[in-house]
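Only a predicted model underlies this, so the values are computations on that prediction, with no experimental measurement involved.
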Amino acid sequence: MWLIVCLNLVGLYFLLLTAITLEACWSVFSLQLVNGLSRCEGRVEVFYNNSWGTVCDDDWDMVDANVVCRQLSCGVATAVGSSSQFGQGSGLVLLDNVDCRGSEADLSQCSSLGWGVHNCYHYEDVGVTCRGDGTIRLVNGPNACQGRVEVYYQGAWGTVCDDDWALNNARVVCQQIDCGSAVYAHSNSFFGYGTGRILLDNVNCQGTEQELSKCKSLDWGKHNCGHHEDAGVTCRPAIRVMNGNSSCQGRVEVLYKNIWGTVCDDNWDLINANVVCRQLGCGQAITVKNQAYFGYGSGPILLDNVECIGFEPQLSDCANLGWGQHNCGHHEDAGVICARKSSLDLAHCHLGPQRATSVVTEHI
């Protein structure tokens with residue numbers, strides 16, 4: 001009899017342990033921030049009934065945002081955003097009139113109208129910017145992937161000294177902010193003098209760390225530097241053309257978060273194509289190609305409704321619906337034909353139908 005009771009108690013213990021573990025996992029994986037520069041900023045999306053959906057901005061405030069940041073282990077909220085900043089979502093609007101007290105462990109614990117009950121449209125999708133110690137940004141460069149390295153620590157931004165600053169350090173920075181590979185590690189305040197504290201010095205990364213703050217250094221705030229030694233980096237997100245017969249023509253594909261994807265041909269025009277051709281290091285755009293002229297791509301469709309002014313250094317700087325937001329199929333994959341700068345490009349021609357004809361990174 002006692003044996004049966006003990007076994008039942010042991011079984012109950014493991015059931016409770018499993019429930020606690022599942023609750024912890026649910027808390028982490030039931031919420032994400034989309035279309036920001038890091039996992040700690042973007043449009044708020046929640047997971048319910050096997051679908052991701054958005055949150056309406058009715059009654060949304062910093063108290064609600066702080067619950068999101070804490071749930072994601074992203075520090076504290078510094079701003080609330082809108083769909084104009086992080087793009088409109090798709091699918092269901094899952095939460096509306098969210099009103100948190102501030103102590104909740106999970107956004108779904110806050111009061112709301114209930115799952116799927118709302119009077120909103122996706123132009124009201126809410127976003128959040130969180131800042132935690134070790135968050136990185138690049139400042140004073142021509143785009144978000146080039147500039148002076150600044151890190152966030154204890155509520156303020158500061159710079160990094162260029163002592164021991166090398167390409168391995170730059171690689172970690174570029175990876176942390178989803179900017180592809182590192183091209184150059186700049187020293188001697190190449191992107192201008194920063195202000196405030198110098199937060200890191202003698203940084204020595206192996207190159208595989210997930211965050212710059214995980215690399216060896218003299219520790220937070222310890223240095224023997226001035227702002228004339230502020231470090232910088234140049235990263236280069238990649239773009240390529242596929243399935244053409246030279247390095248300057250083909251289906252346009254872009255790299256985002258280490259995944260290649262295509263561009264939809266909605267609003268695709270010669271101005272957009274010229275930005276692509278310049279980014280590839282080719283001559284002027286000769287023509288644009290729509291409706292998967294160079295064959296169907298695979299994987300995600302990463303950009304849609306691209307509208308360039310014409311001076312952007314890279315295609316992703318042009319106005320668009322936001323990374324991964326589209327209403328297209330691969331039968332709408334966009335392509336370009338660019339002039340070649342010289343006959344030397346003939347060396348890049350190929351015979352195979354599906355080789356990447358160019359994997360060229362941004363010329364900054």
Could you state the interatomic distance from [atom1] ([X]) to [atom2] ([Y]), rounded to the nearest 0.5 Å?
X: Arg197; Y: Thr159; atom1: CZ; atom2: OG1; answer: 10.5 Å
X: Asp133; Y: Thr135; atom1: CG; atom2: OG1; answer: 7.5 Å
X: Met242; Y: Trp260; atom1: CE; atom2: CH2; answer: 9.0 Å

Would the SG atoms of [X] and [Y] measure under 2.5 Å apart?
X: Cys215; Y: Cys205; answer: yes
X: Cys74; Y: Cys130; answer: no
X: Cys318; Y: Cys308; answer: yes
X: Cys282; Y: Cys338; answer: no

Taking only residues at least two apart or on different chains, which pairs with a member in residues 207-247 satisfy ring-ring contact (aromatic ring centres under 6.0 Å, His included)?
Tyr153-Trp220

Student check: side-chain heavy atoms of [X] and [Y] closer than 4.5 Å:
X: Glu307; Y: Asn320; value: no
X: Phe191; Y: Asp230; value: no
X: Val126; Y: Val98; value: no
X: His122; Y: Val93; value: yes
X: Asp163; Y: Glu229; value: yes

Please state whether the rings of Tyr123 and Tyr121 are parallel, tilted or perpendicular, taking 30° and 60° as the class boundaries.
parallel

Could you pull out all residues at least two apart from Glu209 that satisfy side-chain hydrogen bond (donor to acceptor under 3.5 Å, both in side chains)?
none

Looking at Arg278 and Glu312, is there a salt bridge between them, counting it only when a charged N and a carboxylate O are closer than 4.0 Å?
no

For the OH atom on Tyr152, are there more than 12 heavy atoms of other groups (residues, nucleotides or ligands in this structure) within a distance under 6.0 Å?
yes

Using the test side-chain contact (heavy atoms from CB on, under 4.5 Å), find all partners of Ala185 that sit at least two apart in sequence or belong to another chain.
Trp165, Ala170

